[in-house]
Amino acid sequence: MRIARFSIDGNVAFGAVEGGSAPGEEGDLVLDIIKGIPYADFELSGTKVPLSKVRLLPPVLPNKVVAIGRNYAEHAAELGNEVPEVPVAFFKPTTSVIGSGDAIEYPSFSRELHHEAELAVVIGRMCREVPRERVKDVIFGFTCANDVTARDVQQREKQWARAKGFDTSCPLGPWVETGIEPAAVAEGLAVQCTVNGEQRQLGRTSDMVRSVEDLVVHISEAMTLLPGDVILTGTPAGVGPLNVGDEVAVTIEGIGTLTNKVIKRG
């Protein structure tokens with residue numbers, strides 16, 4: 001099931017997305033409004049609205065976004081880095097999160113903005129110290145993400161907080177797909193990024209150095225994960241520049257397409 005969060009007539013709701021998921025079919029999609037919240041038992045109301053009549057919001061409002069760096073060997077190599085011995089984790093604040101269709105604001109303190117297409121894990125229940133065999137039980141679903149990065153800032157500052165945590169640097173969406181298992185991620189989902197229709201990144205999740213299970217176990221050893229929290233699993237090779245006016249799209253097989261335009265801040 002695809003679960004979207006949206007606004008209509010000033011009201012915010014969750015809905016189950018119904019209809020085709022192929023490119024060009026978005027106009028035929030409808031949302032069946034959910035009674036309650038999607039992390040618990042819920043019912044579909046039967047009240048349906050066309051997707052074209054609503055504004056999609058970030059599909060979740062995470063308490064925290066935990067991102068993993070250098071989890072694809074070719075991406076690490078293209079930036080002159082080695083694959084780390086243990087996962088490199090960092091945070092993106094909640095103020096960085098935007099939805100599909102929202103604008104990425106080019107930060108005033110950077111001159112080199114990059115796209116990073118990523119698969120995002122959405123947590124569905126409070127958990128800590130999750131055993132590997134229970135990881136699938138704590139996952140609500142998966143969505144598309146773009147770990148937008150001020151590359152010049154990342155390279156000159158030892159910490160990545162400003163480079164990867166500025167406002168609008170974490171597009172998520174367009175919805176959460178709950179029907180994907182970690183095993184399917186290990187088998188390989190295609191991850192693609194285009195800028196103005198030109199392909200920039202194309203990889204498969206089977207190329208991740210550490211699996212979804214590895215990452216959930218590693219992160220939950222240190223901190224409690226809450227419903228709606230997000231884990232970014234790393235980006236394949238091919239990262240590159242974004243400029244004001246560009247339209248960047250992240251497409252993940254079996255999920256959908258996250259699209260954002262880059263604008264000048266302010």
Side-chain angles (χ1 to χ4, degrees), residues 1-5 15-31 38 51 56 58-60 65 67-76 78 98-101 114-124 135-136 139-148 170-216 230-240 242 247-260:
M1 181 179 290
R2 291 169 288 171
I3 304 293
R5 182 171 162 269
V17 183
E18 299 178 352
S21 59
E25 296 182 0
E26 288 80 0
D28 300 325
L29 299 179
V30 296
L31 295 162
L51 183 67
L56 284 177
V60 291
V65 177
I68 301 297
R70 302 169 187 169
N71 199 32
Y72 286 75
E74 289 187 3
H75 168 61
E78 74 179 344
I98 58 173
S100 189
H114 279 195
H115 56 78
E116 294 193 6
E118 308 205 7
L119 176 73
V121 182
V122 180
I123 300 299
V135 166
K136 65 179 182 180
I139 292 176
F140 176 62
F142 296 87
T143 192
C144 306
N146 192 345
D147 177 20
V148 184
C170 189
L172 298 173
W175 41 66
V176 178
E177 173 56 67
T178 66
I180 295 175
E181 296 282 341
V185 177
E187 291 173 4
L189 304 176
V191 179
Q192 177 181 253
C193 178
T194 63
V195 177
N196 302 325
E198 177 187 350
Q199 182 176 290
R200 295 279 190 85
Q201 293 180 268
L202 181 61
R204 301 194 69 82
T205 56
S206 52
D207 294 328
M208 291 195 302
V209 177
R210 277 113 186 165
S211 67
V212 168
E213 291 92 341
D214 293 336
L215 299 180
V216 173
V230 170
I231 297 172
L232 304 188
T233 60
T235 192
V239 300
L242 291 172
E247 184 175 83
V248 55
V250 174
T251 301
I252 299 182
E253 182 181 1
I255 299 177
T257 299
L258 165 70
T259 304
N260 303 92

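By convention here, the first residue in the shown sequence is residue 1.
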Are any of the side-chain heavy atoms of [X] and [Y] separated by less than 4.5 Å?
| X | Y | result |
| --- | --- | --- |
| Leu51 | Leu56 | yes |
| Asn71 | Leu215 | yes |
| Glu74 | Pro236 | no |
| Leu31 | Val17 | yes |
| Val185 | Thr233 | no |
| Ile139 | Pro182 | yes |
| Phe142 | Ile231 | no |
| Pro59 | Leu172 | yes |

**Request:** List for me each residue that meets side-chain contact (heavy atoms from CB on, under 4.5 Å) alongside Ser100, sequence neighbours excluded, and say none if there are none.
**Result:** Pro174, Leu258, Thr259

**Prompt:** Excluding sequence neighbours, so at least two apart, what forms side-chain contact (heavy atoms from CB on, under 4.5 Å) with Gln192?
**Reply:** Thr194, Gln199, Leu202, Thr251

**Prompt:** Can you check side-chain contact (heavy atoms from CB on, under 4.5 Å) on Thr257 and Cys144, steps first, answer last?
**Reply:** CA-CA 7 Å; Thr257 299; Cys144 306; over 6 Å; no

**Request:** Keeping the roles fixed (side chain from Thr143, backbone from Ala120), state whether a donor-acceptor pair exists under 3.5 Å.
**Result:** no

**Asked** Do the side chain of Arg5 and the main chain of Val60 share a donor and acceptor less than 3.5 angstrom apart?
**Response** no

Partner residues of [X] under the side-chain hydrogen bond (donor to acceptor under 3.5 Å, both in side chains) criterion, sequence neighbours left out:
| X | result |
| --- | --- |
| Asp147 | Lys92, Lys164 |
| Asn196 | Asp246 |
| Glu78 | His75 |
| Thr235 | Gln201 |

Roughly how far, to the nearest 0.5 Å, is the [atom2] atom of [Y] from the [atom1] atom of [X]?
| X | Y | atom1 | atom2 | result |
| --- | --- | --- | --- | --- |
| Ile252 | Leu119 | CD1 | CG | 4.5 Å |
| Asn260 | Glu247 | CG | CD | 8.5 Å |
| Tyr72 | Glu116 | OH | CD | 11.5 Å |
| Met208 | Asp214 | CE | CG | 8.5 Å |
| Leu242 | His114 | CG | NE2 | 8.0 Å |
| Ile255 | Arg2 | CD1 | CZ | 11.0 Å |

**Complete:** Quick note, salt bridge (Lys or Arg N to Asp or Glu O under 4.0 Å) partners involving residues 190-205, not counting sequence neighbours, are Arg204-Glu253

**Complete:** So the salt bridge (Lys or Arg N to Asp or Glu O under 4.0 Å) pairs with at least one residue in residues 171-182 (sequence neighbours excluded) are none

